[in-house]
Amino acid sequence: MADPVAHDVSDMCIDLDCNATTRPLPEVVCALTHAMHGVHHNPSSLHRPGQLARATLERARATVARFIGARPEEIVFTSSATESIVTAIVGGVRQYSGAPRAILTTRLEHAAVIEAAESLEKSGVAEIVYVDHDANGRVESERVDTCIAACNQRSMPVAMVSVHAANNETGVLQPINEIAKVCAQHGVVFHTDATQLVGKVGCDVGKIGADTLSFSMHKFHGPRGVGVLYVRRGAKMIPLFPGSQEQGRRAGTENVPEIVAGAVACDLAGAWLSDTSHRAERVALRNHMEARLRSLIENIVVHAEGLPDGHRLWNTVNVAIPGASAEQMLVMLSEKNICASAGAACSSGSIEPSRVVRALGVPEDVLNSSIRLSFSRMTTRDEIDRAVVAIASCAARLRSFV
Ligand code: PLP
């Protein structure tokens, strides 16, 4: 049979689009292949191979739970972070009956959050209230507090607050522990989209205090096709797919091979995170990248660079090069085998400027030239250096046309 994979580009490019997805590590691929051969039976079957698949699934669940400080019964496996988010928001809000309630979120969320909230609003179940943020895109807990109080004052009870943990476009971290405290004081359910946080920064659900939390492993060298929804013991939600699997929270035969491989990715990320020097080295690499970009490109704008390290992910650099359109920059970088991103591709094949950067209120030339450079724990300094030189040369070329 012909090879169904026509090309192998993985060793060809410098991947600075790691917030979109990352390359699965060899251990992950190995676990996935092994599990596809060895544990293909249905974990709900009563026969012995089915029961072995069940035991494997539960071991993986325990690993994932340990990785984020949860209990195994608080872990629900889904197909993606998107599914986890939609389940948490739609299932969490639909538990309430009667008059519509408010759902508090921000304009900086991933589309999965915004679209889940909008679907609830369209069906008359909820009203979206956007919590303000500062110029860097930080959402301080006081703003959430004020917003909940304002909703209460106009007799609009709040069904849920959903604020992301780490921004996928800018890498800005939100004070989710404090936001969770505010929500608990008001007796409001708190969901956090932790897709860009988990695996890059230590995540302990006990310390965070969220009621529900979503992520997927393909953002930190795990497989695609598996996501995690953490549901704190006692938290209520209506399942989107009712049925018997996953303690009645998500029907459908569990994808055991992907879950096993995802648990391996969690274990590997956990080992990496346990050595604090790794994070410090990555922060230094991000700062080095920003300093080099700044030294080679005049008038470059580095989003959120004034924030302290504790308020930023180590892997995300979002820069604007006024005079060099983001779309043209990406095409030129792609020709040099460098993957980066900007905003979202729209149906015409061109790029819509990033909704998140737009929400930061930047001038048009900054918005239209913003690109996101996101690396992983495997990216080398040499790759960063080569990419910076390429970006600088593309910027000079594009600016020469203006
Ligand atoms: N949330 C954030 C912040 C993301 O960055 C992404 C993916 O880019 C998602 C959710 C969706 O993740 P998934 O691809 O696993 O559905």
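Just follow the structure's listing: the first ligand is 1, and inside any ligand the first atom is 1. Numbers here simply count residues along the sequence, with the first being 1.
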Would you mind running through ligand 1 and noting each atom that sits below 4.0 Å from a heavy atom of [X]?
X: N19; value: 8 (O)
X: H218; value: 13 (P), 14 (O), 15 (O)
X: Q196; value: 3 (C), 4 (C), 5 (O)

Can you pull out the closest protein heavy atom to [atom]? Residue, atom name and distance to 0.1 Å, please.
atom: atom 7 (C) of ligand 1; answer: K219 NZ, 2.6 Å
atom: atom 4 (C) of ligand 1; answer: H110 CD2, 3.3 Å
atom: atom 16 (O) of ligand 1; answer: T82 OG1, 2.6 Å
atom: atom 15 (O) of ligand 1; answer: S216 OG, 2.8 Å

- [ ] Ignoring hydrogens and angles, state whether a donor on the side chain of H221 or S376 is under 3.5 Å from an acceptor on the partner side chain.
- [x] yes

Open item on the list: If we count only N and O atoms by modelled type, under 3.5 Å, do the side chains of D382 and T380 hold a donor and an acceptor together?
Closed with: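 Per modelled atom types, D382 and T380 side chains form no pair under 3.5 Å.
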
Task: Atom of A210, atom of A180 and distance for their closest heavy-atom approach - done: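 For A210 and A180, the tightest heavy-atom pair comes out as N-CB, 4.2 Å.
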
TODO: Might you point out which heavy atoms bring L108 and N167 nearest each other, and give the distance in Å?
DONE: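 Minimum heavy-atom separation between L108 and N167: O-ND2, 3.0 Å.
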
Open item on the list: I'd like to know if the side chain of D145 and the backbone of S141 have a donor-acceptor N/O pair within less than 3.5 Å.
Closed with: no

One residue to check: [X]. Relative to ligand 1, which of side chain, backbone, both or neither has a non-hydrogen atom less than 4.0 Å away?
X: H164; result: neither
X: A81; result: both
X: D193; result: side chain
X: R224; result: neither

Open item on the list: If you count heavy atoms of other groups shown closer than 6.0 angstrom to CE of M378, is the number above 12?
Closed with: yes

Open item on the list: Is it the case that over 12 heavy atoms from other parts of the model lie below 6.0 angstrom from the CZ atom of R233?
Closed with: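 Atom CZ in R233 is not packed in, count stays at 12 or less.
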
Task: Passing option when W272 is tested against F220, W314, F67 for ring pair (Phe, Tyr, Trp, His ring centres under 6.0 Å) - done: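 Running ring pair (Phe, Tyr, Trp, His ring centres under 6.0 Å) over F220, W314, F67 with W272 returns exactly one hit, W314.
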
Open item on the list: Does the residue I85 have a heavy-atom contact with ligand 1, meaning some pair of atoms that are separated by less than 4.0 Å?
Closed with: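 Yes; I85 lies near enough to ligand 1 that a heavy-atom distance drops under 4.0 Å.
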
